[in-house]
Structure formats: structure tokens, C-alpha cells
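None of the values given here were measured: they were computed from a predicted structure. Below, chains carry the letters A, B, ... as their sequence lines are ordered, and counting in each starts from 1.
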Protein chains: 4
Amino acid sequence: MADADKKRSDKRERILDGALKAFAKKGFYNTKVSEIASEAGVADGTIYLYFKNKDDLLISLFEDRMEWIIDRLKTELSDMEGGAVAKFRHMVTIHCRLAVENPELAEFITVELRQSAKFVKEYENPKFGDYLKILQSLIEEGQQTGAMRDDVDVRLVSRACFGALDEVLLQLTLSQAGPEEVDAKAAQIAGMLVDGLVAK
Amino acid sequence: MADADKKRSDKRERILDGALKAFAKKGFYNTKVSEIASEAGVADGTIYLYFKNKDDLLISLFEDRMEWIIDRLKTELSDMEGGAVAKFRHMVTIHCRLAVENPELAEFITVELRQSAKFVKEYENPKFGDYLKILQSLIEEGQQTGAMRDDVDVRLVSRACFGALDEVLLQLTLSQAGPEEVDAKAAQIAGMLVDGLVAK
Amino acid sequence: MADADKKRSDKRERILDGALKAFAKKGFYNTKVSEIASEAGVADGTIYLYFKNKDDLLISLFEDRMEWIIDRLKTELSDMEGGAVAKFRHMVTIHCRLAVENPELAEFITVELRQSAKFVKEYENPKFGDYLKILQSLIEEGQQTGAMRDDVDVRLVSRACFGALDEVLLQLTLSQAGPEEVDAKAAQIAGMLVDGLVAK
Amino acid sequence: MADADKKRSDKRERILDGALKAFAKKGFYNTKVSEIASEAGVADGTIYLYFKNKDDLLISLFEDRMEWIIDRLKTELSDMEGGAVAKFRHMVTIHCRLAVENPELAEFITVELRQSAKFVKEYENPKFGDYLKILQSLIEEGQQTGAMRDDVDVRLVSRACFGALDEVLLQLTLSQAGPEEVDAKAAQIAGMLVDGLVAK
DNA sequence: GATGAATGAGGGTTCATTCAT
DNA sequence: TATGAATGAACCCTCATTCAT
């Protein structure tokens with residue numbers, strides 16, 4: 001029973017992996033279901049035993065991978081000492097490190113998040129909302145502890161921060177930057193967001 | 001002769017307008033060429049008198065609209081008094097105002113820029129590069145005049161700024177914010193990018 | 001396994017049959033793929049599981065049917081007693097009998113061989129070459145045994161003979177001649193080619 | 001008035017020339033009307049002032065060129081001394097010389113005569129019938145004067161002869177044979193048709 | 001008469017999805 | 001459960017023909 005479940009979830013995972021690889025390389029609309037199947041080592045029809053259709057596969061992949069990212073982020077942040085600003089800086093680093101640790105996922109997220117998700121009928125993308133909420137809470141925490149300015153709309157600036165991170169992540173991924181370079185650049189971005197561009 | 005030229009460029013413009021409307025609403029891959037044609041009030045085949053194929057239409061639309069945006073931006077910035085920081089703040093505002101002044105264009109740019117352009121074979125998107133260069137030069141100017149910190153990589157932070165602006169523009173567009181709200185939010189984002197999130 | 005193979009080759013054969021019928025009736029360029037599909041009793045898309053495209057279907061049909069014709073011809077000729085002249089006469093008869101035995105194939109070959117094949121990109125039509133070679137060898141054999149004149153270029157006259165046969169086959173097919181008539185006319189043509197038009 | 005007529009017929013001729021060139025090179029179905037127009041140096045629409053449609057253009061081209069061929073043939077034959085057999089031999093030569101004298105026309109006739117004409121709705125191709133009649137009359141004359149065997153169906157053997165000539169003409173054209181070679185080969189073919197393949 | 005931009009029906013091909021095995 | 005052959009709706013693009021200038 002547990003064996004059967006495991007087997008099932010293995011195959012599901014293989015399909016998601018195949019889809020991630022394919023979507024990262026060619027994009028959702030340019031990827032054929034049959035390519036995903038062959039990447040996953042299953043038959044075309046098998047995909048429809050695990051997912052309702054191609055859209056559902058995309059959405060499931062988002063959910064699954066965002067959950068993984070969020071879990072990882074929460075763990076790392078909760079293990080951390082320090083105030084909101086330090087945590088914010090660390091979050092920037094973790095975000096950017098995806099370019100090194102899982103470039104395919106990075107490419108998938110940065111490229112597909114907006115467009116595909118937008119046009120896949122009525123999908124709200126709750127996990128992406130969760131990710132934003134983490135950013136928001138950090139900034140709110142900073143405001144409440146007096147570490148961060150409170151004359152800005154938290155939802156607005158958190159989105160702006162996400163946009164900055166997302167764009168930088170895309171560049172880091174495409175340029176295939178190494179770990180040190182990624183950390184260094186993450187630090188610069190964090191510095192800009194925290195302290196601003198003006199000279200002190 | 002001039003008449004014929006005008007007519008021709010009018011029709012081309014109508015097709016681009018139709019494509020913009022259609023792409024903004026449904027995305028490149030979900031838009032049929034026939035929908036663009038009907039939106040533009042021309043026959044399907046007419047589109048192929050002005051553009052090589054659907055991809056070329058997308059690329060041409062990018063080129064055309066980015067050029068318009070860049071021209072407008074350059075004019076406004078060159079008319080301006082003040083240093084690099086003031087100009088930077090103004091650029092943020094101009095960027096955000098697109099949400100009000102041309103929401104369809106805003107939606108098109110924010111949503112299609114990354115994905116479609118990425119998977120349309122070998123397109124380098126030079127106009128987008130031009131836009132980034134304006135941001136870069138502003139920051140470089142700020143660094144040279146001592147107004148901005150020079151311990152950051154200009155290319156990196158300019159991209160981060162663009163990411164922030166792009167994401168905010170998308171939100172402003174989708175939320176159908178009014179002109180005052182847009183200006184207010186633009187000011188906040190400019191404030192964050194210039195002075196940072198930390199409390200002073 | 002053998003079952004699946006059989007099924008597959010059955011369906012391929014059904015498509016070729018449908019194509020033959022359709023091409024014979026309306027010609028290659030006036031036949032829609034969907035007509036072939038409906039003639040074959042398969043879906044449009046199925047055709048593309050067995051053939052690369054419409055051109056490939058045409059070429060495959062040539063190959064397949066010419067091979068069948070050649071095999072049949074070789075068998076009949078090798079079973080035969082008699083010298084090169086007798087064999088040549090028999091070959092003329094076999095060629096003409098196609099008008100009775102398989103009028104669709106006769107129409108297809110006589111009408112499509114030149115044009116379609118010529119303009120289907122870079123197709124060399126090797127099977128047609130094989131057919132010509134049989135004619136050539138017969139004539140060469142006749143020359144070597146002294147039964148046929150050797151003051152003519154074998155390649156040239158074999159082509160001329162083929163042209164004569166081809167044209168006669170077309171007429172016989174279109175006139176829907178019966179078996180006896182076909183044999184009688186074949187004998188006349190053989191007579192002309194062997195003995196010439198002059199009175200003896 | 002006569003001037004206007006001349007001008008009109010000049011343009012018509014230019015279009016026919018363009019069509020001949022285009023059809024010879026790419027075949028009827030692969031030739032676009034616009035290609036013919038550009039070859040002829042006229043606008044696309046102009047073609048429809050002179051011909052009902054593309055089919056009509058093809059048919060008119062046949063008529064026109066066959067008429068030219070027939071006129072030429074009749075003149076040459078009527079100027080000739082000698083009996084039916086000599087005339088027949090000469091006709092073979094004249095036919096083959098087309099490969100040198102007008103290769104485009106040769107290619108057009110040999111390739112398009114059967115197929116295109118067959119599928120262009122209900123066209124009877126009367127000029128081609130006229131050409132065959134010349135062959136027929138020669139053979140009939142030969143039979144009546146006792147120079148040719150009369151145990152063969154004239155219509156049948158004339159078609160066979162045409163088939164042989166047509167095929168040989170195609171080969172000569174494609175191989176770009178020179179005038180001497182063409183005459184030599186024509187003589188061989190005439191020899192075969194007149195005296196037969198058997199050794200004497 | 002001549003033009004050539006515009007038309008739009010038509011067709012080859014793709015590919016997400018189904019279902020018999 | 002897994003397969004993969006079969007399906008057929010959908011869509012991009014072509015090109016013969018028209019017609020306003």
C-alpha cells in the first residue's frame with residue numbers, strides 16, 4: 001500500500017521533473033506534452049493519469065516547486081538570529097542562490113511566472129502569494145521594530161522588491177554565475193534595497 | 001505618393017494596434033492571427049503584407065512601442081533641471097504612468113517582454129537594451145557626480161531597478177489605479193530605491 | 001507483436017490505397033490530404049504517423065507500387081522460355097495489362113510519374129530507374145545474342161520504348177479496354193517496336 | 001487602331017512567355033501567378049485582363065505553342081520531297097530538335113501535357129489532337145502507298161510513336177544535348193520506329 | 001487599360017487528449 | 001495502472017482573384 005503510494009508519487013515527481021526541464025528550456029507554449037513524457041520516461045497517456053491536462057501540469061509544478069522554495073526559505077529564516085533587516089538581507093541571498101542551486105527552477109520561475117500563469121484560465125497562484133507574504137511580513141516586522149521606514153505601503157514595496165529579485169535572478173541564471181559571484185551580487189542588491197542608491 | 005505611403009503606414013499602425021490590444025488581453029500564444037486581423041479591421045492575409053509572420057509581428061510591436069517609450073522618456077528627461085537623483089525619480093514616475101496613459105501597452109510589455117521574446121527565435125530585443133541603458137546612464141551620472149554610491153555594479157542595479165519598476169507597473173495596471181495613486185506609488189518606489197528601506 | 005506490426009502495415013497500406021485512388025482520380029495537387037484520409041477511413045492526423053508529409057506519401061506510393069510492378073515483371077520474365085525478343089514482347093504485354101488489372105495504378109503512374117515526381121524536391125525516383133533497367137537488360141541481351149540490332153544506344157531506345165508503352169498504357173486505361181483488346185493492342189505495339197513500321 | 005492591337009498582343013505574348021518560362025522551371029502547380037507577372041514585367045492584375053484565370057493561361061499557352069509547332073512542322077513537311085517514310089523520319093528529327101531550339105517549350109510540353117491538361121477541368125486539348133493527326137496521316141499515307149505495314153491500328157501506333165518521341169525529347173532536353181547529338185539520336189529513334197529493333 | 005494592395009477561402013500540418021488493449 | 005496509436009479540432013499562412021485608383 002505504502003509501496004504503491006510511493007511508486008505513484010515517484011512517477012508523479014518524474015513527470016514534474018520532466019516538465020520543469022522542458023518548460024525551462026523551451027517555455028510552456030513551445031513544449032509538447034510528448035516531450036515532457038519522453039523526458040520523464042513515461043508514455044504520453046500516463047501524464048493524464050496524474051494531471052488533468054497540460055495547464056494543470058503547469059499549475060501543479062508551480063505549486064510544488066513554490067512550496068519547496070517557501071519551506072526552505074522559512075526554515076532558513078526561522079533558524080536565523082538577528083532583526084528584520086538582517087533577515088531581509090538573507091532572504092535576498094537565498095532568492096539569488098536559486099540561480100546556482102537549481103538553475104532550471106530559476107529559469108522556469110522567472111520566465112513562466114507572469115505570462116503562463118496569467119493566461120492559464122483563472123489561476124490565482126496562491127503559492128506565489130505566500131512567497132510575497134513572507135517578504136511582506138519581514139518588512140512589516142522591520143517597520144514595527146522601527147528598523148524600517150514606515151512611510152511606504154508594505155504591499156507595494158514588497159512587490160517592488162520581488163520584481164528586483166526576480167529580474168536579478170533571471171540575469172544570474174542566464175549568465176551562469178558561480179556561487180561566490182551570486183552571493184556578492186545578492187549582497188549588492190540587498191544593499192541597494194536596504195540603504196538606497198544615494199551616497200551616504 | 002506621399003498619400004500611398006501614409007495609407008500604408010496607417011494600416012501598419014492599425015495592425016500593430018490590433019495586435020497590442022489582442023496580446024494584452026490574451027497573450028501572444030493565445031491570440032489568433034485572425035483575431036488581430038479582425039481587431040485591426042483588415043483581412044487575415046493583409047497582415048502578411050506588412051509582417052513576415054506572427055513572430056515578426058510581435059517583434060515589430062516591441063520595437064515600435066519601445067521606441068515610442070524611449071523617445072518620450074528621453075524628451076522628458078532632457079527637458080529636466082536637476083541632478084541624477086531627481087532625474088532617476090522622474091524616470092520612475094514616467095515608467096509608472098504608463099499604467100494610466102496606456103494600460104494595454106503596459107500590460108503587453110510587462111507580460112510578454114520576458115517569455116515571448118525569449119522564445120521567439122534568436123531575437124535580441126535591442127530596444128529593451130536601449131531602455132536599460134538610459135537607466136544605467138542615470139546611475140552612472142549619479143556616481144560620477146558623487147550623488148550616488150559607487151560601490152555597486154551599475155549593470156546589476158539598473159537591472160534590479162528595472163525589475164522593480166516592471167513589477168510595480170504590472171500591479172498598477174492590473175489594479176487600474178488612477179493618476180494620483182500612480183504618482184503617489186511611484187514616489188514611494190523612487191523613495192525606496194533612492195533612500196533604501198531602512199529608517200533614517 | 002507480430003499482430004501490432006501487421007496492424008500497422010495494414011493501416012499504412014490502407015492509406016496508400018486511399019492515396020492511389022485519390023491521386024488517380026484528381027491528381028496529386030488537386031487531392032486534399034483530408035480526402036485521402038477519408039478514402040482510407042482514418043483521421044487526417046493519422047496519415048502523419050505513417051508519412052512525413054504529402055510529398056512523402058506520393059514518393060512512398062511510387063516506391064511501393066513500382067516495387068510491386070517490378071517484382072511481378074521479374075517473376076513472369078524469369079519463368080519464361082525463349083530469347084530476348086520473346087521476352088521483350090512479353091514485357092510489352094505485361095506493361096499494357098496493367099490497364100486491365102489495376103487501372104487506378106495505371107492512371108497514377110502514367111499521369112503522375114513525370115510531373116509530380118519532377119517537382120517533388122530532389123526525388124530521384126530510383127524504382128523507376130529499376131524498371132528502365134529491366135528494359136535495358138532485355139535489349140542488351142538481344143544485342144549480345146545477335147537477335148537485336150546493335151547500332152543503337154541501348155539507353156536511348158529503352159527510354160523510347162518506355163515512352164511508347166507509357167503512352168499506350170494511358171490510352172488503354174482511359175478507353176477502359178477489355179483484356180482481349182489490351183493483349184491485341186500490346187501485340188501490335190510489340191510488333192512495331194520489334195519489326196518496325198515498314199512493310200516487309 | 002492597329003497600333004493598339006499590336007500593343008495588346010505584345011503584352012499578351014509577354015505574359016505567355018513569362019508563363020512558359022515559369023511553368024518549365026517549376027511546373028504549373030508550383031508557379032504563382034505573381035511570378036508569371038513579374039517574369040512578364042506586368043502587374044498581377046494585368047494577367048486577368050488577358051486571361052480568365054490561371055487555368056485559362058495554361059490552356060492558352062498550350063494552344064498558342066502547339067499551333068506554332070504544328071505550323072512549323074507542316075511547313076517543313078510540305079516543303080519536303082520523298083515518301084511517307086522519309087517524312088516520318090524527318091518528323092522525328094523535327095520533334096527532337098525542339099530540345100535544342102526551344103528547351104523551355106520542350107520541357108513545358110513534355111512535363112505539363114499529360115497531367116496539368118488532364119486535371120484542368122474538361123479541357124480537350126484540340127491542338128494536341130492536331131499534332132497527333134499529322135503523325136497519323138503520315139502513317140496512313142505510308143500504308144496507302146504500301147510503304148508501311150497495314151496490319152496495325154494507325155491511331156494506336158501513332159500514339160505509341162508520340163509517346164516514344166515525347167520521352168526522348170524530355171531526355172534530350174534535360175541532358176542539354178547539342179544539335180549534332182540531337183540529330184544523331186533522332187535518327188536512331190526514327191530507325192527503331194521504322195525498321196524495328198530486330199537485327200536484319 | 002494598368003496597377004498592386006487587399007481579400008479570404010482553403011489546406012497542410014500540429015498536437016493535446018482519448019481509449020482500446 | 002500504463003501504453004501509444006489514433007483522433008480531429010484548430011491555426012498559420014498562401015495565393016488566385018478582385019477592384020478602387
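Between the CD1 atom of C:Ile36 and the P atom of F:dT7 there is a distance of 15 Å, rounded to whole Å. Between D:Leu49 atom CG and E:dT3 atom C1' there is a gap of 9 Å when expressed in whole angstrom units. Between the CG atom of C:Asn30 and the P atom of E:dG10 there is a distance of 14 Å, given to the nearest Å. Atom CG of A:Leu57 and atom P of E:dT17 are 10 Å apart (whole Å). Taking atom CD1 of residue D:Ile47 and atom C1' of nucleotide E:dG4, one finds them 12 Å apart after rounding to whole Å. Note: CD (B:Glu35) to P (F:dC12) measures 9 Å, nearest angstrom. In this structure, NZ of B:Lys26 is placed 8 Å from P of F:dC11, rounded to the nearest angstrom. Rounded to an integer number of Å, the gap from CG of C:Asp10 to P of F:dA5 is 15 Å.
Note that CD1 of D:Ile109 is 12.0 Å distant from CG of D:Leu170, once rounded to the nearest 0.5 Å. Rounding to the nearest 0.5 Å places NZ of C:Lys127 at 9.5 Å from CG of C:Asp64. To the nearest 0.5 angstrom, C:Glu63 atom CD is 11.0 Å from C:Leu16 atom CG. The CD1 atom of D:Ile36 sits 10.5 Å away from atom CG of D:Leu20, with the distance rounded to the nearest 0.5 Å. Remark: B:Asp56 CG to B:Ile47 CD1 distance equals 11.5 Å, nearest 0.5 Å. The distance from the CG atom of D:Leu58 to the CZ atom of D:Phe28 is 5.0 Å, given to the nearest 0.5 Å.
The stretch residues 10-25 of chain B participates, sequence neighbours left out, in these side chain to side chain donor-acceptor pair (under 3.5 Å) pairs: B:Glu13-B:Arg65, B:Asp17-B:Arg65.
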Pairwise N/O distances under 3.5 Å, protein to nucleotides 12-16 of chain E:
unit_1: E:dG12; atom_1: OP1; unit_2: C:Lys54; atom_2: NZ; d: 3.4
unit_1: E:dG12; atom_1: OP2; unit_2: C:Val33; atom_2: N; d: 2.8
unit_1: E:dT13; atom_1: OP2; unit_2: C:Tyr48; atom_2: OH; d: 2.7
unit_1: E:dT13; atom_1: OP2; unit_2: C:Lys54; atom_2: N; d: 3.1
unit_1: E:dC15; atom_1: OP2; unit_2: A:Lys32; atom_2: NZ; d: 3.3
unit_1: E:dA16; atom_1: OP2; unit_2: A:Val33; atom_2: N; d: 2.8

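For A:Phe62 and A:Phe108, the ring centers are positioned less than 6.0 Å apart.
Counting only Watson-Crick and G-U wobble pairs whose two distances sit under 3.5 Å, DNA chain E takes part in these stems of three or more pairs: E:2-21 with F:2-21.
A donor-acceptor pair is defined here as one N or O able to donate and one able to accept, closer than 3.5 Å; no such pair exists between the side chain of D:Lys26 and the backbone of D:Lys32.
For B:Lys11, the side-chain atoms get nearest to E:dA6 when compared with the rest of F:dG8, E:dA6, E:dG4. The side chain of C:Tyr50 lies closest to F:dA6, out of E:dT3, F:dA6, F:dT3.
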